[in-house]
Amino acid sequence: MKLRNVSKEELYRCSYGCAGCASVLAVRLTLKVLGRNSVFVVPANCISTVSCYYPQAPFFVPMTVMAFAATGAALCGISAGFKRRGREDIHVVGFSGDGGTADIGIQSLSGAIDSGYKFIYICYDNEAYMNTGIQRSGLTPYGATTSTTPSPCFENRPKKDMMRIVAAHDIPYAATACTSYPLDYMQKVEKASKVNGPTYIHVLAPCPTGWGFPPERTIEIGRMAVESGMWQLMEFEGGEFRITHTPRRRRPVAEYFEAQARFRHLRLEEIEAIQREIDASR
Amino acid sequence: MPGKAPVKKYITANEAVAHAARLARVEVIAAYPITPQTSIVEKLASFIASGEMDADFIKVESEHSALTACMGARMAGVRAFTSTSSQGLEYMHEMLAYSSGGRYPLVMANVCRSVALPWSIWGDQQDAIQQRDTGWIQLFTETAQEALDMVLQAYRIAEDHRILLPVMICLDGFIQSHTEELVEIPDQESVDAFLPPYDPVVTLDVDDPHSISVGGFGKHYAAWRKEQQEAAERAKEVIVEVGDEFARIFGRHYGGLIEAYRIEGAQAVLLTMGALVGTAREVVDEMRAEGKAVGLIKVRAFRPFPAEELRQALSQVKAAAVLDRDCSYGYEGALATDLKAALYGLANPPAVLGFIGGLGGADVPPERMRYMLERALSVKKGAPSSAEFIDL
Amino acid sequence: MREKVPGPTSKAGSIPTKMGSWSTVKPVLKGRCTFCLFCWIFCPEGAISQDEANKVVLFNYEECKGCGICAHECPTKAIKMAEPEPRGGE
Ligand SMILES: Cc1ncc(C[n+]2csc(CCOP(=O)(O)OP(=O)(O)O)c2C)c(N)n1
Ligand code: SF4
Ligand code: SF4
Ligand code: SF4
């Protein structure tokens, strides 16, 4: 895939999302791959909130808002329906936040993978409940403050490992991605769209509002997450994990933390401890 | 009657409901086991396994997902079916309101059962009554035959473009779900003549794309809610219309929103919903034979509520005894409350006596029914009513 | 095509409100554009288009929220965030 060949059609426009929102960018990139022959299920989260207020309809393809916990089940039902109508060519896409995926929707996601139906479940991960005002989720990383984990009681548990959770279901295809690496992300979406079964893509989507950085740095921050080792780009396929991108230079995690208000309270020892853990996990 | 003759068989209402879903040519089934509903989904699974039915059976991990998956199937433009009971219906609560507001013509069978705590797997109607305000059309049935016939009618009502609201067919746990009755199972050709293929409206259509089930502020929100209320009100006519047409094809008629039984000249009338109507009918016959002016009203539609029909039926009656298999704690039985509201403003309204019984599977024997009617016969006009628990 | 679908629905791609009013600061092409398309792919709003004839990018100010990602990511620093001058000729 080359930038030059990426579709020029814009199928997601004029949402109410914040300026510089990577989650909005993730929707746009997804639609560049899947095009008009796709339908979206968006549970309660930032993306549904910024895209579903009548009469504004930023999605140029069919979409439905869904109950917070219900994305997986809705995907199964829609996929089953299209199968009955001989329309398995239509891409059935879930677009759920980290809370809707790792917390309240995890049961439905698990059931959906188990059902075997064909769909693409995309978890766009802004690492907190942003829509309701930056509360912690199961995917908030260790050390971050949110409105329910205010300093000094910052998040004291590691980020839930969704990839291992979906892999444990023997899912045919799963991948992580980041909006700062659009071609890598789009290739993964394309790959998922060709699988005749459930697929899962977990895309890290930096949030200027919730993470506390100026909107022009959205792409840079995502790159720093990957370069520091806080986030890894990988695939799970045929029962194996595979790293799809190794950063050319390793960036100290301190640089990533310094760039964001949510980590600013961390003391040097705490940052060093996190750095040691990242180094040990490589 | 077109096609081959219908089959008559001794089956439970659960099996009858499964036959109805099969005959309705449902294409997606998503359901989760719970007593006393389980045998409905088991039967449907066996229909699919034996090739008697061509449908996708989605193995969901909860009732919340079962109803969501059915809604998803409707979004893709195909007919779906689910059934549940009690805790399962409670677990669906969020999606009940979601699907009615989204105008999805879902059909489900609820096998009425008490809700915990105290724990009980036995029958009453607390589960269904608790969901009264979720925007579903709620129809109660008395027999296995009526359950089968009403599931078929439910598809016509729900999918009618004037309505587009989900329909819950209620049958009573154990009394109906686990008791065999002689049921006439219609033939496929007649059902096809009655129930045309699904013509979906609210869908995810890539050729005519919409954002569906969206939100809106103030006026927009209120306008959608008003449309929903108007559709629910309109359902009163459509339920009657569909019942009449069903009778023309299948020869069975259940009387519209309510069935008034021997109320001519009645001084006291018993009102109830569901399977206990059967016992009540016999009690009324006995008491009539003794010369007592008593009658019965079987309330078939709980939502939309047949207020006008009840006002007319009760305008000359001295007292109405209401048997609720539920309680709105801190007040009284739900049917009693709704009846009183319906009678408000009548020149000469009957006294309303509220009774709560048949809870947690308790039997309501004929003597208890007789007691309620005797109480109603002897009541003083305007006497205050409160909820009386009759199982104790 | 249905005129109106009942319930809370809207026609896909209805965007009566354009988001350009959120910011008065907009990207303006000041330096040399190599047509690398980085700004184009990273713009969350899809507010950048490609002028293939002239090998430059164009900005849709009606939909640009002024986030500044394009300017920040441009490898040649060709984009400046500024209050664009009104177009002449009116
Ligand atoms: C059952 C239920 N509980 C709570 C909410 C309130 N709620 C709406 S969105 C949201 C947070 C969404 O977080 P996430 O999935 O991470 O997406 P984000 O907003 O961060 O994009 C919450 C808690 C809800 N809509 N439904
Ligand atoms: S709060 Fe964050 S995720 Fe939500 S719209 Fe704003 S930038 Fe995007
Ligand atoms: S400022 Fe932001 S919204 Fe405007 S064109 Fe640049 S990237 Fe797009
Ligand atoms: S990023 Fe800069 S050089 Fe590249 S296309 Fe945009 S303006 Fe031109």
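The sequence lines fix the lettering, A, B, ..., with proteins before strands; numbering per chain opens at 1.
Taking the charged nitrogens against the carboxylate oxygens, B/Lys59 and A/Asp114 have no contact shorter than 4.0 Å, which rules out a salt bridge.
In terms of heavy-atom pairs under 4.5 Å with chain B, the best-connected choice from A/Ser48, A/Pro58, A/Ser108 is A/Ser108. Between chain A and the residues B/Gly216, B/Ala55, B/Gly77, B/Gly215, the most heavy-atom pairs under 4.5 angstrom are made by B/Gly215. Chain A forms the most heavy-atom pairs under 4.5 Å with one residue out of B/Leu67, B/Ile58, B/Val28, and that residue is B/Ile58.
The CE atom of A/Met66 lies 5.0 Å from the CE atom of B/Met95; values are rounded to the nearest 0.5 Å. Of the inter-residue distances, the one linking A/Ile78 atom CD1 with B/Met71 atom CE reads 8.5 Å to the nearest 0.5 angstrom.
Using cut-offs of 30° and 60° for the angle between ring planes, the B/Phe217 and A/Tyr53 rings count as parallel.
Proximity to chain B is limited to the backbone of A/Arg36, based on heavy atoms less than 4.5 angstrom apart. At a 4.5 Å heavy-atom cutoff, the contact between B/Glu94 and chain A is made by side-chain atoms alone. Residue B/Asp205 touches chain A through its backbone alone, counting heavy-atom pairs closer than 4.5 Å. Only the backbone of A/Val61 comes within contact range of chain B, with heavy atoms under 4.5 Å apart. For A/Tyr117, the part lying under 4.5 angstrom from a heavy atom of chain B is the side chain only. With a 4.5 angstrom heavy-atom cutoff, A/Ser79 does not touch chain B via any of its atoms.
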Derivation and outcome, side chain to side chain contact (heavy atoms under 4.5 Å, CB included), residues A/Ser110 and B/Glu61: CA-CA 8 Å; A/Ser110 172; B/Glu61 86 308 325; 6.0 Å; no

Start with the C-alpha distance between A/Arg87 and B/Val206, add both sets of side-chain angles, then the distance that settles side chain to side chain contact (heavy atoms under 4.5 Å, CB included), and finish with yes or no. CA-CA 11 Å; A/Arg87 290 304 308 265; B/Val206 290; 4.1 Å; yes

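The neighbour count for B/His93 NE2, taken as heavy atoms of other residues, nucleotides or ligands under 6.0 Å away, does not exceed 12. In A/Asp170, the CG atom is not crowded: 12 or fewer heavy atoms of neighbouring residues, nucleotides or ligands sit closer than 6.0 Å. Atom OH of B/Tyr91 is surrounded by 12 or fewer heavy atoms from other residues, nucleotides or ligands within 6.0 Å. Within a 6.0 Å sphere centred on CZ of A/Phe241, other residues, nucleotides and ligands contribute more than 12 heavy atoms.
Checked by atom type and distance alone, the side chain of A/Arg85 pairs as donor or acceptor with a backbone atom of B/Ala76 at under 3.5 Å. Distance alone, capped at 3.5 Å, is enough to place a donor-acceptor pair between the B/Tyr98 side chain and the A/Ala67 backbone.
For the pair B/Tyr104 and A/Thr64, the tightest heavy-atom approach, listed with the atom from each and the gap, is OH-OG1, 4.3 Å.
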